[in-house]
Amino acid sequence: MSVHVKKRADYQPPAFLISTVNLTVNLHPTATRVVSVLTINRQGDHNKPLVLDGDKLTLKSLLLNKNDFSDFTLSDEGLTINTDEDTFELEIHTEIDPKNNKALEGLYLSGGAYCTQCEAEGFRRITYFMDRPDILAVYTVTVVGDTDLPMLLSNGNPVDKGQIDDGKHFVTWHDPHPKPSYLFALVAGDFDLLSDTYTTMSGKEVALELYVDKGKKAQGHFALASLKRAMKWDEDVFGLEYDLDIYMIVAVDFFNMGAMENKGLNVFNSKFVLAEQASATDDDFFNVESVIAHEYFHNWTGNRVTCRDWFQLSLKEGLTVFRDQQFSADMTSPLSNRIKHVRVMREHQFAEDASAMSHPIRPDEVIEMNNFYTVTVYDKGAEVIRMFHTLLGPEGFRRGMDEYIKRHDGQAVTCDDFVAAMQSATEIDLSHFALWYSQSGTPEISLSHQFNAQTGKHNFTLSQTTPATADQATKQPLYIPVAIEIIDEDGNQYVDEQGLINNGLIILDTPSLSFSVSATTEKLTPVLLGNFSAPVKVDNPLETDGLLTIFTHGKDPFNRWDAMQTLYSRCISALYDDVTAPIEASLWTDLESAIKSEQGNLELLGECLVIPTFETLCQTRKDIDVARLVAARNQFCLLFAQQLSKVLNHIFLHIDTGDYAYNQSAVIARRCKNVILAHLARLPEFEHVVVSQFDNADNMTDSLGALKAAQYTRVFETLMARFETQWCHDALVLDKWFALHATQPKDDILATITMLSEHPQFSLGNPNRVRSLVGSFAFYNSEKFHALDGSGYKFVTDYLLKLDGINPQVAARIVTPLTQWQGFNADHQQLMKAQLARLLNHKGLSKDLFEKVSKSLAYDEQHNH
Ligand code: TRP
Ligand code: ZN
């Protein structure tokens, strides 16, 4: 297979610029005609030809300065125009086939509606173009369609419309803001429309329009209200105001990712728009609000200031994720939000960094750009932005942001430009900090502690190391802000004699640094990485009593939660060594009093009662025997339920969730209740409680909470059958049902999944369905995916071979767990690699899968020879 590796270091400024694009799109299911008229200017003194990208296009005709033109060459990748004109107009006629576009990139049909997805490199599937983000042009777009497509949408403001003949009509759109091609969008179809308005801080009225499938109007109100909250928040917190007269959002069922920030015309996966009490969980409501905000915030961080090239993706994504996280924390609660982010980092980002796909938040090499919309670029990227915020403080960060926007509005820029803007707002030298952009891997920090009884001094040494990653053999020390508290058994706080700890923060910018604390007590407990102040692992040597001291006296609630997580993980390790090993009785009494002490704080309590997932446990272990780790975790959960059932049940019965509402206190109450129910469900005597919650639930959070808990009971299948009857008309709800089936660790699970893939509501062409059934199995049914007869690995591989020919982007996401074999023992590794080899040998494998699979297998060779 011939593949082209693109390197960040090879960036060349464009040889030509395109200042205006005039598109006419004449819609037809299998033969859409696109006419593109471009104004092009040569840059500088050279005689290179003009190279345009194109993919799966049929060229119909070409005119240069309105004359037929034939001095060009066509290839699979595009069109090369040989001309010595410096300024010219190019008119390109192409034909495309949206109906047979199952990859959902470029123009495609979703249900009965046409829609586009151009990020990262999909515009080249619509017309020949310099499809790179540093080509900023003003677009005028005319959409022509049959009258059974009453809504014809594109970016910007509508400027003209009319009837063409009896069957057809058109709308012309003009977007005054120069933009890169990846932000182009077109939607045509028949939708229900929800309208509203928003008055910006300078008094401009903006029309808000939300387009959903017919009949789903009632499910759109929450999204629209969320949009208004996001618009207000960006004005209040960043002084950023919307810049067009109209903001449109369209919800579609067929979508590869979450949503897309096309200028003035966002396209959303319907699961991030539709939400109402009966069919959406609290998590769904949360996600709708957060994704709506994310795409809205891109209007400034992404659209007005965009990326010079795709290696800079984190410039917009890391920053925008950070902004949506801050927004969600303000709308809901900082603690549960922070715990959510940390779970994503520990479950997924640490795993990525430990795998062959390890890359810095600003990657250096890419084969298929779609493979780099990763938890590293997005979530670790957001953690890096958060560290700027920690170092500069909220005011400093705001000054840096103001400067960033002021300097770069209307430009396509780099991560270095962002750092430079932040630098202008602080006295701190950020040059060492910037290493976070180029160094991959998860740093590990540790703190050694010695007490000298004679001097009454505690000597501490804080150290960092970053293990080598697949992409980088050697690592340098990073600039790490480490939040730290030092407390004694009574919770008194101590400071260091050197004054390295300022406002609870110490900067670790060398391999190690030492400080001392003077105290009469021998028992000082250091509390590290408050609020997860940096995306690192902490090697924590504390024993049970130290962890409980943190839980009892720590100031930072994140640390208190984390201490419990560490404690549980320790217990599971002991059971991993010997599943019959007794756990000290005192642990259960300690836990019982800890639980009782937090009865008034259901938010912290609910999170503290969650046992670390299998996936999280994997990130602090090596040479894993999956069956043993699953058994150890199950045993711990069972003991936890048995030993604590009385206090848990007591709290369960006293939590008042009130009448249904989606608000903070109700969400917290339902969350805590459902976490407890999942524990109790492991005991047969609580089966009826699960059934009764299922019977009486008046909202999806409680229904689903009951179903999840039922996974440990004998009533699971019965309740699932009832649920199916009730919800078989609603695909988004059935996705939850598919996922619950797929994560059931039962012996005939593969037969069940095969059967479900023939369900009338299932379709291989719909990414949401595929992710909920096959993705859930691969990512979260660890026991059966990792079965030692190799059946789980083989099943997923067989499925990927089918899917890859249809939708490679989604196939390449679902392959992830198979490529992350590093943590598992030799038996697992051998079986996983055998399936990766099958994929690699497959004729016609996509670039997407090829990149991930070949890297994963190559990593093996590197490390074994
Ligand atoms: N830019 C989108 C976001 O908000 C990501 C995205 C949506 C995307 N659809 C895509 C990326 C398709 C690649 C391909 O994060
Ligand atoms: Zn984004």
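Ligands are counted one by one from 1 in listed order, and the atoms in each one are counted from 1 as well. Heads up: numbering here begins at 1 and tracks the sequence.
Remark: distances from the non-hydrogen atoms of E105 to ligand 1 are all 4.0 Å or more.
Contact check on E261 versus K316 returns a salt bridge, with a Lys/Arg side-chain nitrogen under 4.0 Å from an Asp/Glu carboxylate oxygen. A salt bridge links R124 to E121: at least one charged side-chain nitrogen sits closer than 4.0 Å to a carboxylate oxygen. Using a 4.0 Å cut-off between charged nitrogen and carboxylate oxygen, D309 and R362 do not count as a salt-bridge pair.
The distance from ligand 1 to the heavy atoms of M260 drops below 4.0 Å at these ligand atoms: 1 (N), 2 (C), 7 (C). Annotation for ligand 1: atoms under 4.0 Å from non-hydrogen atoms of E295 are 3 (C), 4 (O). Remark: ligand 1 atoms within the under-4.0 Å shell around heavy atoms of H294 are 3 (C), 4 (O), 15 (O). Atom numbering of ligand 1 starts at 1 in the shown order; those under 4.0 Å from a heavy atom of N370 are 13 (C), 14 (C).
Aromatic ring orientation, W436 versus F433: tilted (interplanar angle from 30° to 60°). A tilted orientation is assigned to the rings of F532 and F350, their planes being inclined by 30° to 60°. Using cut-offs of 30° and 60° for the angle between ring planes, the F191 and Y211 rings count as perpendicular.
The part of M257 lying near ligand 1 is the side chain, judged by heavy-atom distances below 4.0 Å. Of all the heavy atoms of E317, the ones lying under 4.0 Å from any atom of ligand 1 belong exclusively to the side chain. At a 4.0 Å heavy-atom cut-off, ligand 1 does not touch N256 at all. At a heavy-atom distance under 4.0 Å, only side-chain atoms of K316, from C-beta outward, approach ligand 1.
Residue contact annotation: E317 places an N/O/S atom under 2.8 Å from the Zn ion (ligand 2).
Contact of the Y114 side chain with the V143 side chain is not registered, since no non-hydrogen atoms from C-beta on lie closer than 4.5 Å.
At least one N/O-N/O distance between E261 and ligand 1 falls below 3.5 Å. Looking at Q809 next to ligand 1, no N or O pair under 3.5 Å apart turns up.
Between F268 and F255, a ring centre-to-centre spacing not shorter than 6.0 Å is recorded.
Here atom 15 (O) of ligand 1 lies nearest to Y378 when heavy atoms of Y373, W310, F297, Y378 are compared.
Within H298, NE2 is the N, O or S atom that lies nearest to the Zn ion (ligand 2).
In this structure, R132 fails the cation-pi test against F311, since its NZ or CZ atom is not both closer than 6.0 Å to the six-membered ring centre and inside 45 degrees of the ring normal.
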